[in-house]
Amino acid sequence: MRVIDRSALDRLLEALRRQGYQLIGPTLRDGAILFDEIRTTADLPEGWTEEQEGGTYRLKRRPDRALFGYAVGPHSWKKYLHPPVRRLWQAQRRDGALEFIPEPESAVRYAFIAARACDLQAIAVQDRVFLEGRVVDPSYQARREGAFVIAVNCGQAGGTCFCVSMGTGPKAARGFDLALTEVVDGGRHEFIVEVGSERGERLLRESPGRAAAEEDRAAAARIVEETARHMGRTMEAAGIKELLYRNYDHPRWDNVAARCLTCGNCTMVCPTCFCTTVDEVTDLTGEHAERWQKWDSCFTMDFSYIHGPGSVRSSTKARYRQWMTHKLATWWDQFSYSGCVGCGRCITWCPVAIDITEEVRAIRDSEKSGG
């Protein structure tokens, strides 16, 4: 572990750009902290944090100049590894013959700056889906294998975070090349850096700094421990798969259906949801056609539509139950992972503040009381 200052962090970012990486990190835009292309630490949300509760997100000034003093915003790294919209192929009629033109894979090499522990787990979950099954997604593979990851250990818990309950944070344990812990204390503003890979170690050599002393390591540990003690939410995860399987007809599903708008916000902001649909478009002459893949949601009527019987899940109750049960239960059966990493985005960005931790608690409590 080493200790660097802000100027040294800028040198790390510059070194990544010289190596051909496109830097993606947190920045202020549209009233939120979003991921976008950055160049230097001047593009980061210096001195900003956010307040999050169910259905509520607002920016707020911090009393210091921390660069990473926030939790998570509406974006996750999914939008870069598994893009919301991408063309799969084109077809062109030439001299009476149909020619198929495959879509070239993206040559962009991303460097993800300030990935949180919960989002690193989300990337691991999507790796299981797209890389470790019988069929590998070549587009995801190309983007994923080229990515460089600088993680940030959380120094502040969000109002809807529950990563401690899911065992996914707030300290990054794996999946990074470098991990930073930001220390802002009085006049001190430094970053304690942990190396997670050989290429991370090589990059760190290009930046001035000093070896981390025992007090630096202790300071980093205290920051993470303090964050863990102030989670905005909790979820009792033990036996949750069996709990939901036993309560498929629980009256709580009717309760949540009366509030849910089936807008799909929870699936769009979720860093692990991966459902897509395919659209085909043609020009007016019929000489050119394209196939596009787009994010979809299990909350839409068309997602489970079958010719003849129609939508398999025609009610709000059925669609919400499918999403939550898949996320917390059947995902284990499919991928040996939880589909929930405890980031809390689905709670913050739900227009009517439906809280997945509250729904689990209500079902669990009713079993304990015999209700």
Side-chain angles (χ1 to χ4, degrees), residues 76 78 81-82 118-137 140 162-163 165-168 233-257 260 262-278 295-306 309-347 350 354-367:
S76 70
K78 177 176 74 171
L81 297 174
H82 176 49
C118 59
D119 280 344
L120 293 180
Q121 177 63 17
I123 292 174
V125 170
Q126 293 219 318
D127 286 351
R128 180 64 60 92
V129 175
F130 292 119
L131 300 180
E132 299 174 19
R134 289 179 296 175
V135 178
V136 172
D137 184 317
Y140 183 92
F162 56 103
C163 64
S165 297
M166 308 309 292
T168 61
R233 297 289 195 278
T234 60
M235 179 189 288
E236 186 181 340
I240 195 169
K241 181 177 79 167
E242 293 75 18
L243 173 76
L244 294 178
Y245 285 168
R246 289 194 302 269
N247 289 281
Y248 196 73
D249 294 318
H250 197 281
R252 186 70 186 187
W253 302 120
D254 293 304
N255 179 288
V256 73
C260 179
T262 65
C263 65
N265 267 18
C266 52
T267 58
M268 296 297 105
V269 298
C270 177
T272 66
C273 281
F274 60 87
C275 291
T276 57
T277 188
V278 172
W295 284 359
D296 204 349
S297 170
C298 55
F299 281 90
T300 65
M301 288 286 285
D302 289 342
F303 185 77
S304 60
Y305 187 90
I306 298 176
S311 180
V312 173
R313 303 183 188 93
S314 58
S315 69
T316 300
K317 169 184 174 179
R319 295 200 289 279
Y320 186 88
R321 180 176 58 194
Q322 153 64 21
W323 174 74
M324 183 169 139
T325 303
H326 185 213
K327 191 68 56 180
L328 297 172
T330 57
W331 207 298
W332 280 101
D333 294 330
Q334 286 181 280
F335 308 115
S336 302
Y337 270 68
S338 170
C340 177
V341 297
C343 68
R345 288 182 176 96
C346 61
I347 305 171
C350 175
I354 294 173
D355 184 336
I356 190 172
T357 67
E358 179 186 339
E359 301 312 314
V360 170
R361 186 177 300 109
I363 293 174
R364 195 181 292 280
D365 288 349
S366 71
E367 272 203 348

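Note: hydrogens, waters and symmetry copies are ignored here, and every other heavy atom, side chains too, is used.
With sequence neighbours left out, Arg361 forms a salt bridge (charged side-chain N to carboxylate O under 4.0 Å, His left out) with no residue at all. Annotation: side-chain hydrogen bond (donor to acceptor under 3.5 Å, both in side chains) contacts of Ser297 (sequence neighbours excluded): Thr267. When the side-chain contact (heavy atoms from CB on, under 4.5 Å) test is applied to Asp355, the partners found at least two apart in sequence or on another chain are Arg233, Ile347, Thr357, Glu358. Taking Asp296 as the reference, nothing meets the salt bridge (charged side-chain N to carboxylate O under 4.0 Å, His left out) condition, with sequence neighbours excluded. With sequence neighbours left out, Asp254 forms a side-chain contact (heavy atoms from CB on, under 4.5 Å) with Lys317. Legend: residues meeting ring pair (Phe, Tyr, Trp, His ring centres under 6.0 Å) with Trp253, ordered by chain and number and at least two apart, are absent. For Glu359, the side-chain hydrogen bond (donor to acceptor under 3.5 Å, both in side chains) partners are Arg252, Arg259, not counting sequence neighbours. Applying the ring pair (Phe, Tyr, Trp, His ring centres under 6.0 Å) rule to Tyr320 yields the partners Trp323; only residues at least two apart in sequence or on another chain are considered. Remark: Ala124 engages Gln121, Arg174, Tyr337 in a side-chain contact (heavy atoms from CB on, under 4.5 Å) (not counting sequence neighbours). Lys327 is linked by a salt bridge (charged side-chain N to carboxylate O under 4.0 Å, His left out) to nothing, counting only residues two or more places apart in sequence or in another chain. Evaluation of the ring pair (Phe, Tyr, Trp, His ring centres under 6.0 Å) rule for Phe303 yields no partner, not counting sequence neighbours.
Note: Ser336 OG to Trp331 CH2 = 13.0 Å, rounded to the nearest 0.5 Å. Note that OG of Ser76 and CE of Met268 are 11.0 Å apart. Values are rounded to the nearest 0.5 Å. Ile354 CD1 to Cys266 SG: the interatomic distance, rounded to the nearest 0.5 Å, is 8.0 Å. Note that OG of Ser315 is 9.0 Å distant from CE of Met301, once rounded to the nearest 0.5 Å.
For Cys340 against Leu328, the heavy-atom pair with the smallest separation is CB-CD2, 3.6 Å. In plain terms, the two heavy atoms of Asp137 and Leu131 that are nearest each other are O-CD2, 4.4 Å. Scanning all heavy atoms of the two residues, the minimum distance from Val341 to Ala122 falls at CG1-N, 3.8 Å. Taking all atoms of both residues into account, the shortest heavy-atom contact from Thr272 to Gly339 is OG1-O, 2.6 Å. The shortest non-hydrogen separation linking Ser366 to Ile363 is OG-O, 2.7 Å. Closest non-hydrogen pair, Cys273 versus Gln126, comes out as O-NE2, 3.4 Å.
Counting only heavy atoms from C-beta outward, the side chains of Cys275 and Trp295 never approach each other to under 4.5 Å. At least one side-chain heavy atom of Leu81 sits less than 4.5 Å from a side-chain heavy atom of Tyr140.
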Go through Phe335 and Val129 one step at a time and tell me if the side-chain contact (heavy atoms from CB on, under 4.5 Å) criterion holds.
-> CA-CA 7 Å; Phe335 308 115; Val129 175; 3.8 Å; yes
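Under the 3.5 Å distance criterion, the side-chain polar atoms of Arg313 are left unmatched by any main-chain donor or acceptor of Arg319.
Less than 6.0 angstrom separates the ring centroid of His82 from the ring centroid of Phe130.
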Please tabulate, for the side chains in residues 235-245, all donor-acceptor contacts under 3.5 angstrom to protein atoms that are two or more places apart in sequence or on a different chain.
{"from": "Lys241", "atom 1": "NZ", "to": "Asp333", "atom 2": "OD1", "distance (Å)": "3.0"}
{"from": "Tyr245", "atom 1": "OH", "to": "Asp333", "atom 2": "OD2", "distance (Å)": "2.4"}

